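Naming: A, B, ... by sequence-line order, numbering from 1 per chain. Here the structure is a predicted model, which means the values were calculated and not measured. Every heavy atom of this structure was used, including side-chain atoms; hydrogens, water molecules and symmetry mates were not.
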There are 2 protein chains.
Amino acid sequence: MTSLPPGADVSKATLADVAQAAGVSRATASKALNNRVHVKLETRLRVEAAAAALDFTPNFFAKALNSSRTNTIGMLTSDLDNRFVLPVLLGAEDAFGSGSLSVLLADARDDVMREQLHIETLLSRKVDGLLVVGRTTNPRSPVGLPVDVPVVYVYAPSTRETDTSFTPDNVLAGRLAARHLVETGRRRIALVNGEPSYAAARDRALGVTLELRDHDLELLSGDSLFGQWGERWGRDCARLIAQSHPEVDAIIGGSDHIARGVIDSLTRLGRRVPDDVAVIGFDNWDVLVSESEPPLSSVDMNLEHLGRVAAQALVEAIGGAPRTGLHSETVHLALRESTRPSVTDDH
Amino acid sequence: MTSLPPGADVSKATLADVAQAAGVSRATASKALNNRVHVKLETRLRVEAAAAALDFTPNFFAKALNSSRTNTIGMLTSDLDNRFVLPVLLGAEDAFGSGSLSVLLADARDDVMREQLHIETLLSRKVDGLLVVGRTTNPRSPVGLPVDVPVVYVYAPSTRETDTSFTPDNVLAGRLAARHLVETGRRRIALVNGEPSYAAARDRALGVTLELRDHDLELLSGDSLFGQWGERWGRDCARLIAQSHPEVDAIIGGSDHIARGVIDSLTRLGRRVPDDVAVIGFDNWDVLVSESEPPLSSVDMNLEHLGRVAAQALVEAIGGAPRTGLHSETVHLALRESTRPSVTDDH
DNA sequence: CTGTTAGCGCTTTCAC
DNA sequence: GTGAAAGCGCTAACAG
């Protein structure tokens, strides 16, 4: 019982204790425990035994004080309250947590001031690297760091091309959705898209258009209908499309929400999904797609994978091997009932 | 330019530099900067000026090395990929972030081993306190800490009554939902509930039952229908209820999802919502309630508030004023179209 | 191979 | 009021 302040009796045993118990100097004990060279095997074993016996845990701060590596990374989110960042965090936490890296979380609330403040705090804690998780896939301006700390941008790429960024390939997503519909016999395809201010919406539309063009097709309404991300927009547009283009045999929703709205309207109008009209969405958000009636096909953005590769890239960058540039990560189809080929089309 | 390892030129200026620039000793500089007593005002000012001029940031680790307070708290989640933890985190991050507290995030993936591992890491980083965020509102066994660090449980309370826990008041939630329906003239009320293994489901059912009893009413089906949390379950049950109890004038969904399914079935069966049957859910999950057709009334669990008060309690506990026991935090109604009193009931 | 000697940057007695 | 000295727990030279 020393005279330390109350509550400080955490991990009492110090390196000196271990050294003494093992009958060596602190320096030797340190080398032994850190797998440094020039330590006799027998000594190393003795030290390790002593450490184990004393339940020794090295003092994190003392270590950090003279090693310039803290095994801590900062995760800066623009908006925690966003269903897209979660899987990314999860994948990242996964990649980090398996090792001995800890994650310092900071939520900037999509506010530049807060972001700068949090960056300063993170830097003062000497994080080894920074993972910047965006709110959308719209490119964002790079964070301004006064010092040289590796940064990886995920979801929202940095506008600076020499930075390292990972973002889902929304053009491919659009292509996959369109290709699937064409391959299952659909020809009169419409796209009800989300907000035009979102790169995700524009990229998906582009992918759809390009893919259709490859098949000598084009969107039913001539162009993609940009609007909002919600069900209501999906309902409204589906109703209009069903009237103005009764021949429609497939509708792509810019998001799962929109697609749900589309299904809702079509069903109420007496159009059968998928027999009369196939419907597909984007994001493959579990709660929306699996319990839909019928279950909704969707394009999965592989967000957890995205987080994982970004985290790995950050670890590599910390290790000195930066993987710079913009990386568009692949996405994949998640097929369900809503795009089952209609029987008549099968022949 | 010292001979430090590359990338270590972070916050170059040290206390010694400041002291020298101010023409005082390091000891005095330290006292001045930390608002300790026994420092002449003029000296203090001079030191502060020097610090500002040199853009001095105290070395976090050196400080931590002899202060036993790290201004870091650990946030241990059972399952990051859970829509209920987000708002809680947000509220907590809010309460912490406004000060100078940093948050070390660890996701246990609902795995005891991982949890223990993460706790050890967090403790080795000497967090001042621990916020344990549960996956459900089911009580959980307390975390085993070898040392005396304040812990606050949120969402899932600890089974140990002397611990500090914050959880939403689901009994009240059930009461509020039922009371609202009764007050708007509904009398033949059914409850389609979630999984019986969830305390949330059982508590909500209890609240509904108690409230109805206070009005000399009881559930239409005699008892609550426990099942699953999804839309499908809501659809199936609503269909059954509409057939077996055609007189039903209100259905409470155990979650917004269930309620959405209920609305879906009722609509398809030609029952009008809310004119024929009122529908209300729980959780007030934005994407589900506001874009529903009609928009869905719900009970908001105040999760962000929950996170905030838990975080505040943790800060207080760190400060030495623990607020022990189980705290059931209040919830509130979020009324929308789906429970509008039907015109005939208004008289 | 091992121990001795110096610090890392800061706080804290305790004299002056 | 202020400063000299000691030390938090560890790692990194340099000798031996």
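- Relative to the side chain of L15(A), the nucleotides dT2(C), dG9(C), dC10(D) differ in distance, and dC10(D) lies closest.
- Distance Q20(B) CD to dG9(C) P: 14 Å, rounded to the nearest Å.
- Residues meeting the ring-ring contact (aromatic ring centres under 6.0 Å, His included) test with Y153(B), sequence neighbours left out: none.
- Where pairing requires Watson-Crick or G-U contacts shorter than 3.5 Å, the helical stems of DNA chain C with at least three consecutive pairs are C:1-4 with D:13-16, C:6-16 with D:1-11.
- Residues of residues 22-35 of chain B that place a heavy atom closer than 4.0 Å to DNA chain C, in numerical order, are R26(B), A27(B), S30(B), N34(B).
- Residue R36(A) has a polar side-chain atom (N or O) positioned under 4.0 Å from OP1 or OP2 of dA12(D).
- For residues 157-168 of chain A, the salt bridge (charged side-chain N to carboxylate O under 4.0 Å, His left out) pairs, not counting sequence neighbours, are R160(A)-D163(A).
- Sorted by first and then second residue, the salt bridge (charged side-chain N to carboxylate O under 4.0 Å, His left out) pairs involving residues 18-27 of chain A (not counting sequence neighbours) form an empty list.
- At the phosphate of dT11(C), OP1 or OP2 sits under 4.0 Å from a side-chain N or O atom of K63(B).
- Nucleotide dC1(C) holds its P atom 8 Å from the NE2 atom of H38(A), rounded to whole Å.
- The CG-C1' distance, from D17(A) to dC10(D), rounds to 13 Å in whole Å.
- As rounded to whole Å, 15 Å separates atom C1' of dG1(D) from atom CG of L45(B).
- Following rounding to the nearest Å, R125(B) (CZ) and dC10(D) (P) show an atom-to-atom distance of 15 Å.
- Judged as a salt bridge (charged side-chain N to carboxylate O under 4.0 Å, His left out), not a single pair has a partner in residues 56-66 of chain B (not counting sequence neighbours).
- The base of dG9(D) lies outside donor-acceptor range of the side chain of N66(B), with no N or O pair under 3.5 Å.
- Rounded to a whole Å, the CG atom of L65(A) is 7 Å from the P atom of dG9(C).
- Residue T43(B) has a polar side-chain atom (N or O) positioned under 4.0 Å from OP1 or OP2 of dT2(D).
- Protein atom CG of N59(B) is 14 Å distant from nucleotide atom C1' of dG9(D), rounded to whole Å.
- Of the N and O atoms on the side chains of D169(B) and T330(B), not one donor lies less than 3.5 Å from an acceptor on the other residue.
- For F56(A), there are no ring-ring contact (aromatic ring centres under 6.0 Å, His included) partners two or more places apart in sequence or in a different chain.
- For the ring-ring contact (aromatic ring centres under 6.0 Å, His included) test, no residue two or more places apart in sequence or in another chain qualifies with H305(B).
- Here salt bridge (charged side-chain N to carboxylate O under 4.0 Å, His left out) pairs that include residues 132-142 of chain A, with residues two or more places apart or in two chains, are D110(A)-R135(A), E115(A)-R140(A).
- Each of A62(B) and R46(B) has a nearest nucleotide on DNA chain D; the 5'-most of these lies closest to R46(B).
- Closest non-hydrogen pair, D107(A) versus R114(A), comes out as O-NH2, 3.2 Å.
- Among the protein residues, F60(B) comes within range of no part of the nucleic acid, since none of its heavy atoms lies under 4.0 Å from any strand.
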